[in-house]
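Accompanying notes for the structure given below.
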Amino acid sequence: MLEDFILADATPPKLLDDAVTSTAQDGSAPAADTTPDGAPPRAGSIWDMLPFLLLLAGMFIFMTMGSRKKDKERKRMLSEMKKNDKVRTIGGIIGTIVEVRDKEVLVKIDESNNTRVKFVRDAIAEIINE
């Protein structure tokens, strides 16, 4: 009785490895989860990502170089301020330095009334050279 149920042309089931490396019965291309040479796709490694990581590192370096250079130039400018320099503050006030202290700068902003204002050193935007 059992022999009646077994088909004479039945083929044994394929194993997973056979399914991955074989082609379709009609001779078409392998399944989508394989590479052109029939091997399964390999996982990415750190070496595959290396060019991308180098590009990111280069971009970061070039982006920070400009701001570092500006900061260095600003610190140099603030350290070289002296009496009688004409300056512009970050608020747009233009005046002449009367006195320079460690953290403050006394600026004369009006000649006729002799108006003087104290500013924090960091409030000086630029030294105006005429």
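- Across D85 and E80, no two heavy atoms sit closer than the pair OD2-O, 4.2 Å.
- Residues E99 and R101 are paired through a salt bridge, judged by an N-O separation under 4.0 Å between the basic side chain and the carboxylate.
- Hydrophobic clustering (ILVMFWY, side-chain heavy atoms < 4.5 Å, transitive): L106 and V87 are in distinct clusters.
- Note that the CG atom of L54 and the CE atom of M59 stand 13.0 Å from one another [nearest 0.5 Å].
- The structure places CE of M49 at 9.5 Å from CG of L56, a figure rounded to the nearest 0.5 Å.
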| message | Could you go through I93 and V107, starting from their C-alpha distance and side-chain angles, then the distance that decides it, and tell me whether this counts as side-chain contact (heavy atoms from CB on, under 4.5 Å)? | response | CA-CA 10 Å; I93 299 172; V107 178; 5.8 Å; no
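- N113 and D110 make their closest contact through ND2-OD2, 3.2 Å (heavy atoms, listed as atom of the first residue, atom of the second, distance).
- The CZ atom of R74 sits 10.0 Å away from atom CD of E126, with the distance rounded to the nearest 0.5 Å.
- The side-chain heavy atoms of V105 and M81, taken from C-beta on, include a pair separated by under 4.5 Å.
- The closest side-chain heavy-atom distance from V120 to K103 is not below 4.5 Å.
- Atoms NZ and OG1, on K69 and T64 in that order, are 13.5 Å from each other to the nearest 0.5 Å.
- Grouping the Ile, Leu, Val, Met, Phe, Trp and Tyr side chains by contacts below 4.5 angstrom, directly or via other members, places F62 apart from L55.
- Taking Ile, Leu, Val, Met, Phe, Trp and Tyr as members and joining any whose side-chain heavy atoms lie under 4.5 Å apart, directly or through other members, I90 forms no hydrophobic cluster with any other residue.
- Rounded to the nearest 0.5 angstrom, D122 CG and T89 OG1 are separated by 12.5 Å.
- A salt bridge links R76 with E73: the distance from a Lys NZ or Arg NE/NH1/NH2 to an Asp or Glu carboxylate oxygen falls below 4.0 Å.
- A donor-acceptor contact shorter than 3.5 Å links the side chain of R121 to the backbone of L78.
- Between the CD1 atom in I97 and the CD1 atom in I127 there is a gap of 6.0 Å [rounded to 0.5 Å].
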| request: Applying side-chain contact (heavy atoms from CB on, under 4.5 Å), run through K82 and V100 and close with a yes or a no. | output: CA-CA 7 Å; K82 60 187 180 299; V100 179; 5.6 Å; no
